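To start, the structure itself, in structure tokens.
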Number of protein chains: 2
Amino acid sequence: MIKPRPRRGGGRPTLADVARKAGVGAITVSRALREPERVSEDLRRQIQAAVDELGYLPDPNARALASARAEVFGVLVPSLTNNVFAEVVRGIYDSLSAGPFRIQLGNTHYSGLEEERLLQVFGPQRPAALIVAGIDQTAASRHLLEKAGCPVVQVMEIGSDPVDMMVGFSHFEGGKAAAEHLIEAGYRRIGFLGARMDPRSQRRLAGYRAAMEAAGLFDPRLVTTTPVPSSVTLGRELFRDALAKAPTLDGVFCNNDDIALGALFECHRASIAVPKTIGIVGFNDLDMMEVAFPSITSVRTHRYEIGRRAVAMALAAIAGERPAERVVDLGFELRRRESTAR
Amino acid sequence: MIKPRPRRGGGRPTLADVARKAGVGAITVSRALREPERVSEDLRRQIQAAVDELGYLPDPNARALASARAEVFGVLVPSLTNNVFAEVVRGIYDSLSAGPFRIQLGNTHYSGLEEERLLQVFGPQRPAALIVAGIDQTAASRHLLEKAGCPVVQVMEIGSDPVDMMVGFSHFEGGKAAAEHLIEAGYRRIGFLGARMDPRSQRRLAGYRAAMEAAGLFDPRLVTTTPVPSSVTLGRELFRDALAKAPTLDGVFCNNDDIALGALFECHRASIAVPKTIGIVGFNDLDMMEVAFPSITSVRTHRYEIGRRAVAMALAAIAGERPAERVVDLGFELRRRESTAR
DNA sequence: CTGAAAAATGGTAGCGCTACCATCTTGACG
DNA sequence: CGTCAAGATGGTAGCGCTACCATTTTTCAG
């Protein structure tokens, strides 16, 4: 006698169970679930009833294996705690939570090698789309993205050579706008404070430099950077260093808002008047910039919107639509506040 | 003549390809990859060579289907942008990046219903472990967690009734310690400023209340809360409201550091002396608390460590070890700073 | 009413891997 | 030198689903 070995799976209902209960073929159930319009009204109702009664939930692993496509968006960001990327991820997440797609997150730690490793891990899963931060992938990463066989969206930056699609803004222009604003406001010895100095920071620095050179104000001693990750604490230290190096400093463009906040606190502590003695500009425009005392001028970037747009573009591509534009520039806005109101 | 239909998969090498090339059975390759110690040195080398040459990468979907277990950690947090959870996720991520496990992130938006929905989505995938924030799951969520058939770690809080395991600290005790510190420092009309008021905030409030009542200082007019999500901007508003409601206010325990920062900025703006006129205590101890001017007393919580420990416990459980303790209290530390140094 | 096209449904054969059990090799031991 | 346990390897049969094609039913022009 053949003993029907207990199902390995653990007894949760399968497509076949639903099909049996509804009195139809398994494939019809599959279709009713994925392309309801191709199944007659009658059967659809019958199948839905069976699904509800059994509490059937499709097995995503089996589905992925059979269709050679997982309902997963792979998302690669350089940092999870940096508010900037957290906002992008939130935008991605909110746009995806309505649909069937799951999100698999990868943290590259700002490392090209780690990015490659993660792409190697994501690839075999055959994700429905990949969203990666930045445009400075290594050659190997780029190759992995190109042969991923799914839509790819590079976010946070724009450039002329997308792997597939891009949503972001120009960090160069952002840095330039910030420096130009300080120059217009009457500041002359304007420093640049930068932490981590990833490629985006580098381009903001380049924008700053372009503006300063155009005004005949550039001086390498005004630039203070460190590869150390950014923090408010570091902002204070960078500001101190900058002031020690260039005592006539009268303004700072900070690589990001954390550093700007650290600089502001140091000014308070050292009784340096802001904006009178020193003007401060941040980057990203976190909510606290508005509330700070004095409020801090910053370059607002549209992180959440970038996440949303990236998903919209990826979904359109999955649906087979050709994008109107492969590269979308969401721009930035300079928010003028008290810290530069001289 | 039978025409060998092209492989659906798209031609990437499979286990069978590796087995053929190495001249061994498929199952041996599978073993060599998963339990190398059970395969002889010779074959292992031979197989590794074939793997390298073909660039073989196992298909995680097929693996998950065959073994009824996906190498995925499901992580559910109420917010992606709240730095507190971002740190926990980072801890989880860093502990997992060495191994084969992928991370699938879910954002519950502080909603019990959304949490249920996400558990429904995660369940059929048969994750290797689930990590969820908080201990206030709905009955349905709790049931889903119990029958998930994998280790479950509830993080950020502790309680007496874990689904499986817990890592966190007592928010009640944290709130109590903060209030007691203000009382000891000589403040009397100590307000509570709270945003969002999720269950953890509620328990911090309860701790504050217990300390205030013990000292005979509790007054409901001192408590200012809102269901609105927390932000620095909101901190300023809450502080203003609190002061309007209780003009004799001489201290505030803020639900979190964003609010504390907003309160501090409002004090600057209104020329209220800190710590002389008003004492301020935050919660979580983000890096900026130390740098603020004046530096802000806060309750340091070990978010990153919570993430790491949660993973360690889950991995141990997967390996079949019985945990020494099902509930791990990682505590907190009150960091005394200038904002309460009266 | 007929025939052909379109719509609805189903059967078969995998997707790439692992669980389970069977077989074959070793080598320790009396 | 035979016996047997332990170790190494392999074959078979799925996991639960979908792609592909075949079949049946319906629709509608002529």
Side-chain angles (χ1 to χ4, degrees), chain A residues 2-20 22-47 51 54 56-71 100 123-126 128 149, chain B residues 2-20 22-47 51 54 56-71 100 123-126 128 149:
Chain A
I2 299 159
K3 112 176 137 233
R5 211 195 303 144
R7 270 227 295 270
R8 283 200 239 158
R12 117 169 50 204
T14 71
L15 244 202
D17 296 329
V18 176
R20 209 170 306 121
V24 300
I27 191 67
T28 305
V29 176
S30 175
R31 258 198 296 264
L33 261 34
R34 291 176 300 130
E35 315 166 85
E37 72 285 355
R38 291 195 43 198
V39 173
S40 71
E41 177 82 29
D42 265 15
L43 278 194
R44 217 185 308 157
R45 246 201 310 272
Q46 220 165 303
I47 288 168
V51 165
L54 292 171
Y56 169 75
L57 289 168
D59 180 331
N61 300 125
R63 197 171 250 191
L65 179 59
S67 67
R69 194 47 79 200
E71 289 179 320
Q125 249 181 110
R126 304 172 168 285
Chain B
I2 300 159
K3 113 178 134 220
R5 212 198 299 150
R7 269 227 295 270
R8 284 199 237 157
R12 125 173 35 208
T14 71
L15 244 201
D17 296 330
V18 176
R20 209 170 304 123
V24 300
I27 190 66
T28 304
V29 176
S30 174
R31 259 198 296 266
L33 262 33
R34 291 175 301 131
E35 316 166 84
E37 72 285 356
R38 291 196 42 198
V39 172
S40 71
E41 177 83 29
D42 264 16
L43 279 193
R44 218 184 310 157
R45 247 201 309 274
Q46 219 166 303
I47 289 169
V51 165
L54 292 172
Y56 169 74
L57 289 168
D59 179 330
N61 300 126
R63 198 170 250 192
L65 179 60
S67 66
R69 194 46 80 199
E71 289 179 322
Q125 249 181 112
R126 303 172 169 284

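Keep in mind the model is a prediction, meaning the values are calculated, not measured. Naming: A, B, ... by sequence-line order, numbering from 1 per chain.
- Both B:N61 and B:E35 lie near DNA chain C, and the one whose nearest nucleotide falls closer to the 5' end is B:N61.
- Residue B:L43 contributes atom CG, which lies 17 Å from atom P of C:dC24 at whole-angstrom precision.
- Side-chain nitrogen and oxygen atoms of A:S67 include none within less than 4.0 Å of the OP1 or OP2 phosphate oxygen of D:dC17.
- Per the geometry, CG belonging to A:D59 stands 8 Å off C1' belonging to D:dC15, to the nearest Å.
- When the P atom of C:dG16 is taken as reference, atom CZ of B:R69 falls 23 Å away, rounded to whole Å.
- One can place CD1 of A:I47 at 12 Å from C1' of C:dG10, the figure rounded to the nearest angstrom.
- Between D:dC17, C:dG16, C:dC17, one nucleotide has an atom nearer to the side chain of A:P58 than all others, and that is D:dC17.
- Look at A:R34 and you'll find a side-chain N or O under 4.0 angstrom from OP1 or OP2 of D:dT18.
- Checking the phosphate oxygens (OP1, OP2) of C:dT18, a side-chain nitrogen or oxygen of B:S30 falls inside 4.0 Å.
- Dashed line: the shortest gap from a side-chain N or O of B:R126 to OP1 or OP2 of D:dG16 is not under 4.0 Å.
- Using a 4.0 Å heavy-atom cutoff across all strands shown, A:R31 reaches at least one base atom of the nucleic acid.
- The separation between B:D17 atom CG and C:dC15 atom C1' is 13 Å, rounded to whole Å.
- The side chain of B:T28 approaches D:dG10 more closely than any other nucleotide in the set D:dG10, C:dG16, D:dC17.
- The main-chain N or O of B:A64 is never found under 3.5 Å from a side-chain atom of B:R126 such that the two would form a donor-acceptor pair.
- For the pair B:P60 and A:Q125, the tightest heavy-atom approach, listed with the atom from each and the gap, is CG-CG, 3.4 Å.
- In this structure, of C:dC17, D:dG10, D:dC17, it is D:dC17 that holds the atom nearest to the side chain of A:L15.
- One atom, CG of B:D42, and another, P of D:dG7, lie 18 Å apart when rounded to the nearest Å.
- Residue B:Q46 holds its CD atom at 10.5 Å from OG1 of B:T28, rounded to the nearest 0.5 Å.
- Side-chain atoms of B:R44 come within 3.5 Å of backbone atoms of B:V39 as a donor-acceptor pair (strictly under, hydrogens ignored).
- Contact annotation: B:R38 does not reach the phosphate of D:dA8 (side-chain N/O to OP1 or OP2, under 4.0 Å).
- In this structure, the CZ atom of A:R63 is 18 Å from the P atom of D:dC15, given to the nearest Å.
- Take the nearest nucleotide of DNA chain D for B:S40 and for B:A62: the residue whose nucleotide is more 5' is B:S40.
- Looking only at side-chain heavy atoms (C-beta outward), A:P58 and B:P124 stay at 4.5 Å or farther from each other.
- Taking atom CD1 of A:I27 as the reference point, atom C1' of C:dG10 lies 8 Å away to the nearest angstrom.
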